[in-house]
Structures are given as structure tokens and as C-alpha cells.
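Below you'll find the structure, written out as C-alpha cells, and then a few comments.
Here is the naming used below: chain letters follow the sequence lines, and residue numbers restart at 1 for every chain. The figures that follow rest on heavy atoms only: side chains count, while hydrogens, waters and symmetry mates do not. None of these values were measured; they are calculated from a predicted model.
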2 protein chains.
Amino acid sequence: MTNKIKPTAETYEINNRIFFRLFQLGNILQTKSTSNLGVTTVQWSVLGALSTEESKNGIHFGALVEYLMVSKQNLDGVLSRLERDDLVERKTGKHDRRSKLVFLTPTGREYWNRIETGIDAFYQESIAGFSVNERITLAYLFQKLHTNLKEMGDELLIAPLDPD
Amino acid sequence: MTNKIKPTAETYEINNRIFFRLFQLGNILQTKSTSNLGVTTVQWSVLGALSTEESKNGIHFGALVEYLMVSKQNLDGVLSRLERDDLVERKTGKHDRRSKLVFLTPTGREYWNRIETGIDAFYQESIAGFSVNERITLAYLFQKLHTNLKEMGDELLIAPLDPD
DNA sequence: TATTGTTATACTCTATAACTATA
DNA sequence: TATAGTTATAGAGTATAACAATA
């Protein structure tokens with residue numbers, strides 16, 4: 001006999017609400033990012049990561065893959081499009097010639113400065129009416145959810161088909 | 001002189017953290033949904049909406065567009081793929097012959113029953129270690145964030161380019 | 001041999017505009 | 001004329017496997 005509690009209908013319902021909202025919020029974020037800032041959310045994250053002081057000398061391709069949690073193949077595609085628009089540049093690593101360092105081009109830096117104001121406005125509107133405590137709580141709960149989801153495996157969770 | 005407070009570096013930073021996490025969580029949700037449940041998040045939402053008791057007699061295409069907050073063109077594509085897989089069916093409305101009612105097929109209902117168990121397992125893992133209060137708080141903060149984002153306009157927020 | 005990143009391919013989703021058929 | 005959905009087209013992101021260059 002274990003202490004495991006069978007989920008009640010209510011906890012299932014609140015989970016449903018949480019994850020449906022997460023789905024919607026993720027979608028809205030993508031849509032608004034594209035229409036209001038002119039970049040997709042992935043591009044936003046890439047440019048943001050490259051814009052920091054620590055990344056002045058470039059970020060390793062592999063580090064970016066880990067940080068953004070996208071596959072290397074997909075990041076390659078995203079970077080190619082950003083390179084096409086002259087916002088980003090890849091240079092071969094000096095010590096390890098297999099590795100690549102990713103940089104913001106001058107155009108990319110200028111572009112980032114322009115959208116950063118927009119990002120701030122976006123934040124203001126999104127988070128309007130949130131108390132400082134609520135922001136901190138949200139960040140904390142996101143962090144917690146993130147940890148759980150990151151640790152989840154990739155096994156199919158669906159029940160096998162009835163054979164007939 | 002207004003009461004408006006210029007955002008400090010800290011509030012900008014916490015906003016950054018919140019939205020970067022939202023971006024990551026949205027991505028992980030999509031990835032895990034596909035790999036662990038065998039459906040994309042949009043498909044999950046569609047099937048879930050169609051599976052409820054109230055939708056037994058179908059949901060109007062337009063109502064689904066509003067509920068899911070995707071464009072009609074995009075929902076059409078999602079439904080076409082679900083129809084191709086024989087999970088969903090569209091019937092012309094009786095009163096208004098322009099409208100369409102969307103249904104789960106028997107196969108679709110069976111499929112939903114199979115993945116529902118997986119969804120429950122997914123919820124358990126994701127939300128492990130959350131107190132009841134934390135779940136309620138998260139749902140509440142999501143709702144609040146959703147309201148703000150939904151009301152946001154579609155205007156470009158980026159500063160105009162310096163002419164030269 | 002193992003690792004870093006790229007190429008190739010196919011599919012899902014998204015954005016936009018123009019269109020058909022009903023009303 | 002207006003509304004409900006559809007078609008058409010282009011682009012971005014994602015999943016998977018196979019590959020080249022370098023270690």
C-alpha cells in the first residue's frame with residue numbers, strides 16, 4: 001500500500017487548464033513576437049543571447065544549442081536565415097576548428113537595439129497589473145515547471161492499440 | 001509629473017526571465033507532446049475540445065477558431081490533416097449551410113481515449129512537487145497573463161530605422 | 001573512433017490574400 | 001453585401017538520418 005494519491009477530477013481539471021493556457025500563451029507569444037517585434041521567438045532568443053556583454057566574443061554553436069534547447073539541425077536553419085538577413089555571423093573556432101563561434105554583426109547589433117525598446121514595451125503591456133510578488137512567483141513556478149519538463153523522458157505515453 | 005515608474009534593471013530582468021521561460025516551456029510542450037503523445041499541441045487541443053460531453057453533437061468551425069485562437073486558414077489545415085488520419089470529420093450545418101460542424105470520428109474517439117491516459121501521466125510528471133496552492137496560483141497567473149496578451153494590439157513596436 | 005556542425009528531406013504550423021457558397 | 005470556410009502560396013520551424021571535417 002502506497003501513499004500515492006489517485007488524481008481527482010479537480011486536479012486533472014486544473015492541470016488541463018494550466019497546460020491549455022501554456023499552449024495558448026506559447027502561441028500568442030510567437031504570434032505577437034512576429035507581428036509586434038518583427039522576429040520569431042527563436043530569433044528573439046538567439047539575438048538576445050548574442051547581445052549580452054558576455055557574448056561579445058561570440059557564443060559557441062553548441063552552447064547556443066544547449067541554452068535554447070533546440071536541436072543542432074534546427075539551430076543551423078535559424079542561423080542560416082539570420083545570416084541571410086545579415087544579422088548574425090559564424091566563425092570557425094581557433095582552438096577547435098570543428099567548432100563555430102556565433103556573433104552578432106554590426107547590423108544585427110543595431111537591429112537588436114531597435115527591437116529592445118519594443119521588447120520593453122511588450123513586457124510592460126504583458127505584465128501590467130502584476131505585483132512584484134506575482135512576477136517573482138511566476139518566474140519561480142516557471143523554473144519549477146521547466147525543471148520537471150526537462151527531466152521528462154521521450155517515451156511514448158500512449159496506451160498500445162488493442163490488437164484485433 | 002506622473003506616477004509612472006521607469007522600469008528598473010531588475011524588473012526588466014525578471015520580465016526577461018519570465019518570457020524566456022515561457023518561450024522554452026512552449027517549445028518543450030510542443031516537443032514532448034509530439035514525442036510522448038504522438039500529437040502536436042494544436043491537434044491535442046482540437047481533439048480535447050471535440051472529446052467533451054458538450055461537443056458530442058459537434059463544434060462549429062468558427063467556435064473552434066475562437067476557442068483555440070488560431071486563424072481559420074490554419075485551423076483548416078490542422079483539420080485536414082486530422083481528417084486525413086480519420087480522426088475528425090466535418091459536416092455541413094443544417095440551419096446555415098455555410099457553416100461546418102466538426103466531430104470526432106469513432107476512430108478519433110478511440111484514439112483520444114488512448115492518449116488521455118498518457119496526458120494524465122504527462123500532467124503528473126510535469127506538475128510533480130507542486131502544491132495545490134501553487135497549481136491554483138499558476139493557473140491564476142496564466143489567466144492574467146493571457147488576458148493582457150490577448151488585449152495587446154498588433155502594431156509594430158520596433159523603433160523606425162534611422163534614415164540616411 | 002568520437003565529436004562538431006552541416007546537408008538533405010519531409011512534414012506541421014503559420015501568415016496573407018483571394019476565392020466560393022451561401023445568407 | 002456580408003459571412004463562413006476554402007484554396008493557394010510562401011515561409012519558418014521541427015524531426016530524422018546521413019554526412020564531412022576535425023579531433
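Listed pair B:Asn27 / D:dG13 fails the phosphate criterion, with no side-chain N or O lying under 4.0 Å from OP1 or OP2. When the side-chain nitrogen and oxygen atoms of A:Arg98 are compared with OP1 and OP2 of C:dT6, none of them lie within a distance under 4.0 Å. Listed pair A:Arg97 / C:dG5 fails the phosphate criterion, with no side-chain N or O lying under 4.0 Å from OP1 or OP2. Taking side-chain N and O atoms only, B:Asn74 has no distance below 4.0 Å to OP1 or OP2 of C:dT16. Contact annotation: B:Lys72 side-chain N/O to D:dT3 OP1/OP2 distance is not under 4.0 Å. Between B:Thr31 and D:dA15, a side-chain N or O to OP1/OP2 separation shorter than 4.0 Å is present.
Rounded to a whole Å, the NZ atom of B:Lys100 is 12 Å from the P atom of C:dA21. Rounded to an integer number of Å, the gap from A:Glu83 CD to C:dG5 P is 13 Å. When rounded to the nearest whole Å, the span between CG of B:Asp85 and C1' of C:dC13 equals 15 Å. Between A:His60 atom NE2 and C:dT4 atom P the separation is 10 Å, expressed in whole Å. Atom-to-atom, CG of B:Asp76 to C1' of C:dT12 comes out at 14 Å; the value is rounded to the nearest Å. Rounding to whole angstrom units, CD1 of residue A:Ile28 and C1' of C:dT14 are separated by 15 Å. Between the C1' atom of C:dT16 and the CG atom of B:Asp154 lies a distance of 13 Å, rounded to the nearest Å. Atom C1' of nucleotide C:dT12 and atom CD of B:Gln73 are separated by 16 Å, given to the nearest angstrom.
Mapping A:Phe61 and B:Arg84 onto DNA chain C by nearest heavy atom places A:Phe61 closer to the 5' end of the strand. With the nearest nucleotide of DNA chain D identified for both B:Asp96 and B:Phe23, B:Asp96 has the one nearer the 5' end. Nearer to the 5' terminus of DNA chain C, by closest-nucleotide assignment, is the contact made by A:Leu79 (compared with the other of A:Leu79 and A:Thr34).
Annotation: cation-pi geometry not satisfied between B:Lys72 and B:Phe61 (NZ/CZ under 6.0 angstrom from ring centroid, within 45° of ring axis). Under the 6.0 Å distance and 45° angle rule, A:Lys91 counts as a cation-pi partner of A:Phe103.
Among the atoms of the strands shown, none is found under 4.0 Å from any heavy atom of A:Gln30. Across all strands, B:Gln43 comes closer than 4.0 Å only to sugar-phosphate atoms, never to a base (heavy-atom distances). Residue B:Gly62 is classed as a sugar-phosphate contact, given heavy-atom separations below 4.0 Å to backbone atoms only.
Across D:dG5, C:dC13, D:dG13, the shortest atom-to-atom separation from the side chain of B:Arg81 is found for C:dC13. In the set D:dG13, C:dT6, C:dT14, C:dT14 carries the atom at the smallest distance from any side-chain atom of B:Val42.
The aromatic rings of A:Trp44 and A:Phe122 stand perpendicular to each other, their planes meeting at an angle above 60°, with 30° marking the opposite boundary.
Looking at A:Thr105, its side chain never comes within 3.5 Å of a backbone N or O of A:Glu89 through a donor-acceptor pair.
Taken from CG in B:Leu104 to NZ in B:Lys56, the straight-line distance is 12.0 Å, to the nearest 0.5 Å.
Residues B:Asp76 and B:Lys100 are not paired through a salt bridge, judged by the lack of any N-O separation under 4.0 Å between the basic side chain and the carboxylate.
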